[in-house]
Amino acid sequence: MPAQVEPAFASSAPATGFADPVHDAQRAFRAIMTAMSRPGHRQDLDAGALRPPAPLTPVAAAVALTLFDYDTPVWLDQALADTTPVRRFLSFHTGCPITTDPSEAAFALISDPARMSSPADFAQGSLEYPDRSTTLIVMVGEISAGRQVSLSGPGLNAPVSIGIADIPSAIWPQLIANRAHFPCGVDLLFADRGGLAGLPRSTRISLERG
Amino acid sequence: MSALDNTARADGSEGSYNFAYLDEQTKRMIRRAILKAIAVPGYQVPFASREMPMPYGWGTGGVQVTAAILGSDDVLKVIDQGSDDTTNAVSIRAFFEKTANVATTTHTAEATIIQTRHRIPERQLEEGQILVYQVPIPEPLRFLEPRETETRKMHALEEYGLMHVKLYEDIARHGHIATTYAYPVKVDGRYVMDPSPTPKFDNPKMHDMAALQLFGAGREKRIYAVPPYTRVESLDFEDHPFQVQRFDKPCALCAAEDVYLDEVILDDRGGRMFVCSDTDHCEERRTAGHRGEMAGEEIAARLSAGHASDGEDGQ
């Protein structure tokens, strides 16, 4: 069939999801799980044919389709929340409720890290249930072996230095404070164009000098 | 779910299962719990454990964790008390062969996922491998404090004095810490965790392990984890440091030392032998030419003495 689509249909139908929902989600999950268990070590994640509406990126969309469903209230940053196709894409494929209260969110999608709000605004979990916290999915330009911060702790046999493009430097002291509240706190997944890196709350962060 | 797996049997003989049995919503729920467990090492994350087509106590927690992480390119190994060929291991391996059509192995080095009941393989695990434990009672404080509300508070406040009292009472009564399995550990200096009923011999292997360790308790509905390269310390006292079991003799089949041995009763006159509990490790050593005192060649040679002997192989 020719790839010709009725204009009216094209404007109203959400972009397609995983081509193979079972195995694509499994592959994406393994990348996410490895990212979380090896903080700061970037994992490739092939988003395949996913072409989500901007500013949602293919990798972030793959994470969303893998982890979101009707059990997970999702908070969107301003740029995403203002984009109807993004909301429609998420609700059509995952059925997730969208919340405007960050402290209620199981996941937060952040497309504009330069203006991201403090991690402390999101659900932190409690000492008795630290799992009741928000996981932040932050879309960034590039995750590199740069020299912004040094990470150590569970998952790391040696400290690892990483740099994350587009992240305001003010966020790092907030993330150091996030670690200080362990076991409470948020977990982060940074998604760049073709992969992701995890920053669970268990990771110790120190700012690189110079 | 609409996402029925296309590897389901075409002949329809068993109907169609979703890949790895669980439906996709259940997998997502378990996957989210696993991520929290990794982020808070040693903390028991509650999850909505499902009924599985096997009874509680048969590893339903481990099976659900494995089903949620398993992919079509994984190679699965399942062990029960170190052995690949006991009932529990055989049936779980067959379960995933049937429902996920994945490759299975008995060789530790070849496996990407190893589901285990009560042992850690002798061979050192590598980066990228995942060890999934079947856990009966995930709460290390449960036999000291039966109320979940209280144990939860004790973990929240990092109040683990009761566990040390228990170990102290061991010393007062027996002169040494008499706990030999499910020996409590502290993970990354924060949570006291039950390593599942592995012999304490295996506790040191959990420390700084290169592989990811995931724990599933089906009946108790808990998932917990130890990320790779994480500090795992067995609780002890300065004057009664943690010690592992020692065996007087090497394995009777492969002569391995520094491994965990099972006692096998041979007759009703006190005859017995001690052999590797890790069958794969033992077989690999024997293939490599190691021989223990009861390896069997002599007996086999004697038995076949009357016949034309056509081989050295006594196994």
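Numbered from 1 within each chain, the chains take letters A, B, ... in sequence-line order. None of these values were measured; they are calculated from a predicted model. In what follows, every heavy atom counts, from backbone to side chain, and hydrogens, waters and symmetry copies are set aside.
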Relative to chain A, which segment of B:Leu70 carries a heavy atom at a distance below 4.5 Å: side chain, backbone, both, or neither? backbone
Which bit of B:Arg190 is near chain A, if near means a heavy-atom gap under 4.5 Å: side chain, backbone, both or neither? side chain
Taking only Lys NZ, Arg NE, NH1 and NH2, and the carboxylate oxygens of Asp or Glu, determine whether B:Lys27 and A:Asp69 approach each other closer than 4.0 Å. no
Based on non-hydrogen pairs under 4.5 Å, which of B:Pro227, B:Ala210, B:Ala20, B:Ala33 is most in contact with chain A? B:Pro227
What part of A:Ser126 gets within 4.5 angstrom of chain B, counting heavy atoms only: side chain, backbone, both, or neither? neither
Contact origin within A:Phe18 toward chain B - heavy atom pairs under 4.5 Å: neither
Is it the side chain or the backbone of B:Glu158 that comes within 4.5 Å of chain A heavy atoms, both, or neither? neither
Look at B:His155, B:Glu127, B:Arg231 and state which one has the largest set of heavy-atom pairs under 4.5 Å with chain A. B:Glu127
Against chain A, label B:Leu214 side chain, backbone, both or neither, depending on which of its atoms sit under 4.5 Å from a heavy atom there. side chain
Only pairs of heavy atoms separated by less than 4.5 Å count here; which of A:Ala25, A:Gly153, A:Pro130 has the most with chain B? A:Pro130
Side chain, backbone, both or neither: which part of A:Asp187 has a non-hydrogen atom closer than 4.5 Å to chain B? side chain
Cationic tip of A:Arg132 within the cone over A:Tyr129's six-membered ring, i.e. under 6.0 Å and within 45° of the normal? yes
Before accepting this row, confirm whether a basic side-chain N of the pair B:Asp188/B:Lys186 lies closer than 4.0 Å to the acidic partner's carboxylate O. no
Do you know the tightest heavy-atom contact between B:Asp202 and B:Arg119? OD2-NE, 2.7 Å
Below 4.5 Å from any heavy atom of chain A, which atoms of B:Ile34 appear? Answer side chain, backbone, both or neither. side chain
Face-on cation placement of B:Arg117 at B:Tyr133 ring, 6.0 Å and 45° thresholds: no
Contact class of A:Ser202 relative to chain B, heavy atoms under 4.5 angstrom: both
Chain A contact via B:Ala68 - side chain, backbone, both or neither, heavy atoms under 4.5 Å: backbone
Roughly how far, to the nearest 0.5 Å, is CG of A:Leu45 from CD1 of A:Ile32? 6.5 Å
Is the number of heavy atoms from other residues, nucleotides or ligands under 6.0 Å of A:Arg193 CZ greater than 12? no
Count the heavy-atom pairs under 4.5 Å between each of B:Val226, B:Asp73, B:Leu35, B:Leu212 and chain A, then report the option with the highest count. B:Leu35
Do other residues, nucleotides or ligands put more than 12 heavy atoms under 6.0 Å from B:Gln124 CD? no
Centres of the B:Phe95 and B:Tyr21 rings: under 6.0 Å? yes
A:Ser37 OG to B:Gln213 CD distance, which is reported to the nearest 0.5 Å: 11.5 Å
With a 4.5 angstrom heavy-atom cut-off, is it the side chain or the backbone of A:Leu156 that approaches chain B, or both, or neither? backbone
